[in-house]
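A quick write-up on the structure given underneath.
Chain identifiers are assigned alphabetically (A, B, ...) following the order of the sequence lines, protein sequences preceding nucleic acid strands; residue numbering begins at 1 within each chain.
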Number of protein chains: 2
Amino acid sequence: MVSIKDVAKKAQVSTATVSHVINETRFVADETKQKVYLAMKDLNYQPNRIARSLRSRKSNTIGLLVPLVAEDTSNFFFMSIANGIEKVLKENGYNLILSNSNEDEVTEKNQIRVFNTQLIDGLVIAPVNGEDSAYNKELTGDYPVVYIDRHPSGVEGDIVLVDNLRGSYEGVRALLNKGYERIGFITGTLGITTSDERLKGYKQALKEKAIPVRKEFIKEGPATFEQGYQLAKELHEAEVTALFVANNVMTMGAVSYLNEHQVKIPEEIGIIGYDDYDWMKITSPPLSVVRQPAFEIGKVAVEQLLKRINGSKEKFAEVMLDAELVQRGSF
Amino acid sequence: MVSIKDVAKKAQVSTATVSHVINETRFVADETKQKVYLAMKDLNYQPNRIARSLRSRKSNTIGLLVPLVAEDTSNFFFMSIANGIEKVLKENGYNLILSNSNEDEVTEKNQIRVFNTQLIDGLVIAPVNGEDSAYNKELTGDYPVVYIDRHPSGVEGDIVLVDNLRGSYEGVRALLNKGYERIGFITGTLGITTSDERLKGYKQALKEKAIPVRKEFIKEGPATFEQGYQLAKELHEAEVTALFVANNVMTMGAVSYLNEHQVKIPEEIGIIGYDDYDWMKITSPPLSVVRQPAFEIGKVAVEQLLKRINGSKEKFAEVMLDAELVQRGSF
DNA sequence: GTGAAAGCGCTAACAG
DNA sequence: CTGTTAGCGCTTTCAC
């Protein structure tokens, strides 16, 4: 491995000068600069980031901690977010360390601990569970943190959310306006803020039209394809006329049930799903969905993070991005 | 920040002892150990990985470089691979740095250079383009490399592939056995090994049944939803009776076209897509596909990489994983 | 305009 | 069984 010393020797200057040439951190005479550039090229020198990090206490790396569940199909939503983050980061010369909490609190804490020893300059985290407010204690790391997607209760910090309440509210309201009244609601496990808020939106829309909220029309379960299938079945048997499904995986399960039992969409059942991916277009009719700006979440979150890293002391910001109802033909 | 010195002082031992307690790298008396543990806990000490890496020339981090294209829907296949990698890595106490070449050669080289300065212990890469064999020169890093998914020509190294030829061969053969003869083939841009091999499989299956390969039945274009849609249109107009689509994004586009124009599947057109995700089940009828073991690719690749990192000097291995035809109702 | 040298936090000889 | 200490490759203060 060729080090800064080798370059200094070859260029007949001090290591300090080489360093300053590389980082443009003090004036160096043109002639000297050229010698250094030449030496670097000749030796094919690459500065060692680890050493640089150790000394300067800056790694140009940020961590991302997401809660993915299963092996394959689980959560495209977070992958889209990761994509947005990666893009902004690259534009700013930062690297991304990706980590997965598996939607499990213990794993999450462990991963945060790993990050604490790792010298990251900042962390973007989609917290496992809205209930646990132990983040501040855990995050003793002296790096800034931006929370995304879920709002951990009692945590102070920058946070980027999607307006979940309004997302499902608009969806359900659209169903109501079309004349549907027996509207079933399928959601992943309640207790995390996203699910809870989407349920609130559902209730609010009904209430506004003075339609009673019926417990038996609200179905909750782990966010899997199979559960989506099962809960759609139950609601179909309960003779709902429309279905609002509050996440993408369960949306697929529900559609699968309807197809398999030749329930006509939208004649027999209208349906609105959650999240917008290309595959929402390949059902017949194409699915109407509430679209979350996943890529945007990542982008906004990391922009905020970079601001903090660069020393911003503004008070904590809570950005609320809009969800959007994408009308296709399914209701 | 609390350092090993602080711990040493508090525990009244030398830093060497602390280090050895942490790493279990030489015998330390039980009593001493306890003192050290206590001190570490009291001070909430976390070893600094950066310093450790600098000294020991080992980062416990591996890099992953994948070619993702668009913003959202692009490539779930690589995300699944990333998932597999992440899992194995975590089990082994390693971290993952994720990077994206955007399917662009220049970006790829830059990212590799970044990795070179980064002290990663190994790299998993899905190379951008099978043609360019400059990897060896570029990868001057002294870490092991495992290639996945695509075979860069003229590169020596460990590699994990899927049997693409056989995958499409089996698919097309199944179509032929069902009696389809006018079989259209839709593929992403040719010139990368995966596409080329899938095309070969198509041709081979036809040849075996003595069915002439007709140029006008083979459609190539960038792997996008829109292209899939467009090429399906062209083939439909060319009156094919079946469609084999060689990647997941174009599969969605093709299905979308067929739905939109009420082309009955499989009565008017049989179809087999590529890659197996839950959303292949929500068309009616559910789609038959060639399934690639994405998660497995990641797993196998990183296992091989870890072997190398741990000093394995076996000669380079080329692992070829099987693709599998998943029969549903679309042909 | 540039250089000398300290030191980031750790590991690993070497020494006892 | 444990301690002393050099040094990983870099940045940065102080000095000239």
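- One N or O donor and one acceptor, one from the side chain of B:Arg26 and one from the base of D:dG3, sit under 3.5 Å apart.
- Between the CG atom of B:Leu54 and the P atom of D:dT11 there is a distance of 12 Å, given to the nearest Å.
- Note: NZ (A:Lys35) to P (C:dG1) measures 14 Å, nearest angstrom.
- Among the nucleotides D:dT12, D:dC1, C:dT11, the one closest to the side chain of A:Ser56 is D:dT12.
- Between A:Asn23 and D:dT11 there is a side-chain polar atom (N or O) within less than 4.0 angstrom of OP1 or OP2.
- The side chain of B:Thr17 contributes an N or O atom lying less than 4.0 Å from OP1 or OP2 of D:dG3.
- One interatomic measurement links the two molecules: CD of A:Gln34 to C1' of C:dG1, which rounds to 16 Å at whole-angstrom precision.
- Counting only distance, with no hydrogens or angles, the side chain of A:Thr15 and the backbone of A:Lys5 share no donor-acceptor pair below 3.5 Å.
- Rounded to an integer number of Å, the gap from CZ of A:Phe27 to P of C:dG3 is 14 Å.
- Side-chain N or O atoms of A:Thr61 include none that pairs as donor or acceptor with a backbone N or O of A:Leu96 at under 3.5 Å.
- The phosphate of D:dT11 (OP1 or OP2) has a side-chain N or O of A:Arg52 nearer than 4.0 angstrom.
- Between the CG atom of A:Asn48 and the C1' atom of C:dC8 there is a distance of 13 Å, rounded to whole Å.
- Atom-to-atom, NZ of A:Lys5 to C1' of C:dA4 comes out at 12 Å; the value is rounded to the nearest Å.
- Tested against B:Tyr143, the residues B:Asn116, B:Ile62, B:Asp121 include a single side-chain contact (heavy atoms from CB on, under 4.5 Å) partner, B:Asn116.
- In this structure, the nucleotide among C:dT2, D:dC8, D:dT4 sitting nearest to the side chain of B:Ser14 is D:dT4.
- The B:Thr15 side chain lies nearest to D:dT5 when the options are D:dT5, C:dT2, D:dT12.
- Note: CD1 (B:Ile22) to P (C:dA12) measures 12 Å, nearest angstrom.
- Closest to the side chain of A:Ala16, out of D:dG9, C:dT2, C:dA5, is C:dA5.
- In terms of position along DNA chain D, the nucleotide closest to A:Ile50 lies nearer the 5' end than the nucleotide closest to the other residue of the pair A:Thr25 and A:Ile50.
- The A:Met1 side chain lies nearest to D:dG9 when the options are C:dG1, D:dG9, C:dC10.
- Looking at A:Glu91 and A:Lys87, a side-chain N of the basic residue comes within less than 4.0 Å of a carboxylate O on the acidic one, giving a salt bridge.
- Between the CZ atom of B:Arg49 and the P atom of C:dT11 there is a distance of 11 Å, given to the nearest Å.
- Taking only side-chain nitrogens and oxygens, B:Arg57 never comes nearer than 4.0 Å to OP1 or OP2 of C:dT11.
- Here the side chain of B:His20 is nearest to one of C:dA12, D:dT12, C:dC10, namely C:dA12.
- A salt bridge links B:Glu303 to B:Lys299: at least one charged side-chain nitrogen sits closer than 4.0 Å to a carboxylate oxygen.
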